[in-house]
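Throughout, protein chains are lettered first and strands after them, A, B, ... in sequence-line order, and every chain is numbered starting at 1. These numbers come from a predicted model, not from an experiment.
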Amino acid sequence: GENVEQHPSTLSVQEGDSAVIKCTYSDSASNYFPWYKQELGKRPQLIIDIRSNVGEKKDQRIAVTLNKTAKHFSLHITETQPEDSAVYFCAASWGNQFYFGTGTSLTVIP
Amino acid sequence: DAGVTQSPTHLIKTRGQHVTLRCSPISGHKSVSWYQQVLGQGPQFIFQYYEKEERGRGNFPDRFSARQFPNYSSELNVNALLLGDSALYLCASSEPGGGTDTQYFGPGTRLTVL
C-alpha cells in the first residue's frame with residue numbers, strides 16, 4: 001500500500017516568515033495530493049490540492065509543488081499569520097483511497 | 001448548505017461492547033469514506049463506499065464493518081471494542097467524477113473505550 005512520510009513534525013516560525021512542509025509518497029500510481037489544516041478539536045479542512053498532471057499550484061499565500069519523479073510534494077505558506085497555527089496533513093490518493101502523513105504542528109509566533 | 005454531519009459527537013463505551021457511528025454526506029455526494037484518527041496521528045483509511053457498495057478497505061480487522069444506505073448516508077460498526085479503538089472517527093464525502101475526488105470531512109465522533 002501507499003506510505004506517506006511528512007516532515008517536520010513540528011515547526012515554529014515568526015509571524016511574517018514563510019513555512020515549508022514536505023511529504024514523500026511511495027506509490028507511483030497516486031495521482032491526487034491534497035493538504036488539510038486541522039485546528040484543535042475541529043475537522044480537517046482542505047486548504048489546497050494538486051493533481052499529478054500539474055507541477056505547482058498557488059492560492060494567495062499558499063502554494064503546493066509536486067515532483068512526480070522524486071515522489072515528493074511540498075506546502076509553502078508565505079507571510080504567515082497567527083491564525084495559520086494548526087496541524088497540517090498531507091495526503092496521497094489513487095482510486096479514492098487516501099493515505100495521510102503524520103501531520104506537522106505549525107506554530108506562528110506573533 | 002449543510003456539510004458532512006456525524007452522530008453522535010462523543011461516545012463512551014467499555015471493552016467488548018459494540019458501537020455504531022453515523023454519517024450523512026453533503027447533498028449530492030454519493031461516496032462516503034471512513035477514517036480513524038488516533039491522537040497525534042493522521043487519519044487512517046478504514047472504508048470507502050459508493051452507491052451502497054464497498055469500493056475500498058484499509059488494514060483494519062473484521063471487527064470493523066460499514067454500510068451505505070439508499071440516501072447515501074452511512075454507518076460504521078465496530079464489534080468487540082478494544083482500548084486501542086479509542087480515537088476520533090471521521091467520515092468524508094465526495095462526488096465521484098471519474099477520477100480521484102476531493103473529500104470533505106465531517107466533525108467526527110470521539111470514541112472512548114474504557
ring-ring contact (aromatic ring centres under 6.0 Å, His included) evaluation trace for A:Phe100 with B:Tyr35
CA-CA 10 Å; A:Phe100 284 79; B:Tyr35 295 85; 5.6 Å; yes
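In B:Leu114, the CG atom is crowded: over 12 heavy atoms of neighbouring residues, nucleotides or ligands sit closer than 6.0 Å. The local environment of CG in B:Leu83 is crowded, with over 12 non-hydrogen atoms from other residues, nucleotides or ligands closer than 6.0 Å. The 12-atom threshold is not exceeded at NZ of A:Lys68, counting heavy atoms of other residues, nucleotides or ligands nearer than 6.0 Å.
B:Phe47 is not listed as a side-chain neighbour of A:Gln97, based on a closest heavy-atom distance of 4.5 Å or more. For the pair A:Phe98/B:Ser33, no side-chain contact is recorded, criterion being any heavy-atom separation below 4.5 Å from C-beta on.
A distance of 4.5 Å separates OG1 in B:Thr102 from CG in A:Asp49, rounded to the nearest 0.5 Å. One finds the CD atom of B:Gln103 at 5.5 Å from the OH atom of A:Tyr36 (value rounded to the nearest 0.5 Å). A distance of 10.5 Å separates CD in A:Gln45 from OH in B:Tyr104, rounded to the nearest 0.5 Å.
The cluster map of Ile, Leu, Val, Met, Phe, Trp and Tyr, joined by side-chain heavy atoms under 4.5 Å apart, puts B:Tyr89 and B:Val4 in different clusters. No chain of hydrophobic side-chain contacts below 4.5 Å, direct or via other Ile, Leu, Val, Met, Phe, Trp or Tyr residues, connects B:Val38 to A:Tyr88. A continuous path of hydrophobic side-chain contacts links A:Tyr25 to A:Val54 [ILVMFWY only; heavy atoms under 4.5 Å]. Under the 4.5 Å side-chain heavy-atom criterion for grouping Ile, Leu, Val, Met, Phe, Trp and Tyr, B:Val32 is connected to B:Ile46 within one hydrophobic cluster. By the criterion of side-chain heavy atoms lying less than 4.5 angstrom apart, applied directly or through intervening Ile, Leu, Val, Met, Phe, Trp or Tyr residues, B:Leu11 is not grouped with B:Leu90; the two fall into different hydrophobic clusters.
Of the listed residues (A:Pro44, A:Pro34, A:Ser9), the greatest number of heavy-atom pairs within a distance under 4.5 Å of chain B belongs to A:Pro44. Ranked by heavy-atom pairs shorter than 4.5 Å toward chain A, the options B:Gly40, B:Gly108, B:Ala92, B:Gly106 are led by B:Gly106.
Taking 4.5 Å as the heavy-atom cut-off, none of the residues of residues 71-86 of chain A approach chain B. Within residues 53-79 of chain B, the residues having any heavy atom less than 4.5 Å from a heavy atom of chain A are, in residue-number order, B:Arg55, B:Gly56, B:Arg57.
Contact annotation for A:Gln38: only side-chain heavy atoms (C-beta onward) come within less than 4.5 Å of a heavy atom of chain B.
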